[in-house]
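Below: one structure, written as structure tokens.
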Amino acid sequence: MRIDIVTIFPDLVSAVGEFGVARIARERSILELHLWNPRDYCEDSYRRVDDRPYGGGPGMVMQAPPLAAAIREARRASGGRVIGLSPQGAPLNQAAVERLAGEPALVLLAGRYEGIDQRLLDAEVDEEVSIGDYVVAGGELPAMVLIEALVRHLPGVLGNEESALADSFGSGLLDWPHYTRPEEFEGHKVPETLLGGNHESIRRWRLKQALGQTWLRRPDLLEKRKLNKEESLLLEEFKAQLELKGQESS
Ligand code: SAM
């Protein structure tokens, strides 16, 4: 996958390709990152990309001409759809990540200041994406969040192809709890089932925990997901065991 990022802070965004799964993806030529700085497309020697808002008010607004030039150059090189990072965009979720990961190329546009001249957004941006209902200072970190989320879905990046599917949201549930050595930590033991080596028992235990954690923490996800017979039974078992534990500790 090719991802082009239009940003006035290319050094900040390039860091995402230097670590973890994105670095592995780049080393395996599964991911290509390209950076475009709108300041390189300014006509004035101060390389200004912002100006005061028409109508007055606080802050500055990113100007359309240098952004348009940078985006057009990126689009010409990559052919990708242009995704604007914006608190006003559609909230990013797993379905959107999977859909975008299927694109061969994307151009990500990171805003700064009070935002971007609306005429640029109307003319050049295909879709706007938000990383949540809060505002950060710029679109660089949201772009990096999106890149890390996308990369996990590119074939050949994660060691185990099922890994992204088993993660929270992959199957419409939260992930199950994980444990590693030591077997006992400050008096707390690893659940017995995980030490037994019985693959079917381990599968059922994990599914039960995933259902239970989703029921406890994100019941809204369960409302959207139809449970099969096994899942319904496991969730009932989880609830019964939780109640029993509550009675024992009271
Ligand atoms: N005035 C804008 C508003 O209230 O919608 C906020 C502008 S914000 C300070 C500057 C830039 O940060 C935005 O243009 C966008 O690129 C990015 N940004 C901020 N919050 C974001 C979010 N939740 N999701 C995606 N991008 C965000």
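From a predicted model like this one, the values you see are computed outputs, not experimental measurements. All ligand and atom numbering here is 1-based and tracks the order in the structure. Numbers for residues simply follow the sequence, beginning at 1.
Numbered from 1 in the order shown, with element, the atoms of ligand 1 that lie under 4.0 Å from a heavy atom of P142 read 25 (C), 26 (N), 27 (C).
Atom 23 (N) of ligand 1 has Y134 O, 2.8 Å as its closest protein atom, hydrogens excluded (heavy atom only). Ranking protein heavy atoms by distance to atom 2 (C) of ligand 1, first place goes to E114 O, 3.4 Å. Counting only heavy atoms of the protein, atom 24 (N) of ligand 1 lies nearest to I131 N, 3.1 Å. The nearest protein atom to atom 14 (O) of ligand 1, hydrogens excluded, is given as G111 CA, 3.5 Å; this is a heavy-atom distance. Protein heavy atom closest to atom 26 (N) of ligand 1, with residue, atom name and distance, is S86 N, 3.2 Å. Of all protein heavy atoms, the one lying nearest to atom 3 (C) of ligand 1 is Q88 NE2, 3.7 Å. Looking only at heavy atoms of the protein, atom 20 (N) of ligand 1 is closest to V136 N, 3.1 Å.
Taking the six-membered ring for Trp and thresholds of 30 and 60 degrees, F238 and W215 have ring planes more than 60 degrees apart, a perpendicular arrangement.
In this comparison of L85, L108, L92, L146, the heavy atom closest to atom 15 (C) of ligand 1 sits on L85. Nearest residue to atom 21 (C) of ligand 1 from P87, A137, G89 is P87 (criterion: closest heavy atom).
Each of L234, N198, T193 was checked for a side chain to side chain contact (heavy atoms under 4.5 Å, CB included) with W205, and the lone residue meeting it is T193. Partner of L109 under the side chain to side chain contact (heavy atoms under 4.5 Å, CB included) criterion, out of T7, D4, I5, L120: L120 alone.
Residue M62 does not touch ligand 1, judged by heavy-atom distances below 4.0 Å. Contacts between V129 and ligand 1, counted as non-hydrogen atom pairs separated by less than 4.0 Å, involve the backbone only.
Between D126 and R75, at least one side-chain N (NZ, or NE/NH1/NH2) sits under 4.0 Å from a carboxylate O, which counts as a salt bridge. A salt bridge does not link D44 to R47: none of the charged nitrogens lies less than 4.0 Å from a carboxylate oxygen. Under a 4.0 Å N-O distance rule, the pair K208/E237 qualifies as a salt bridge.
The shortest heavy-atom contact between E231 and L211 is O-CD1, 3.4 Å. A pairwise comparison of heavy atoms in M144 and V13 identifies SD-CA, 4.0 Å as the closest pair.
Not a single N or O atom of V135, backbone or side chain, sits closer than 3.5 Å to an N or O atom of ligand 1. For ligand 1, the polar-atom distance check finds no N/O of Y113 at less than 3.5 Å from any of the ligand's N/O atoms.
Counting only N and O atoms by type, the side chains of Q94 and H153 include a donor and acceptor under 3.5 Å apart.
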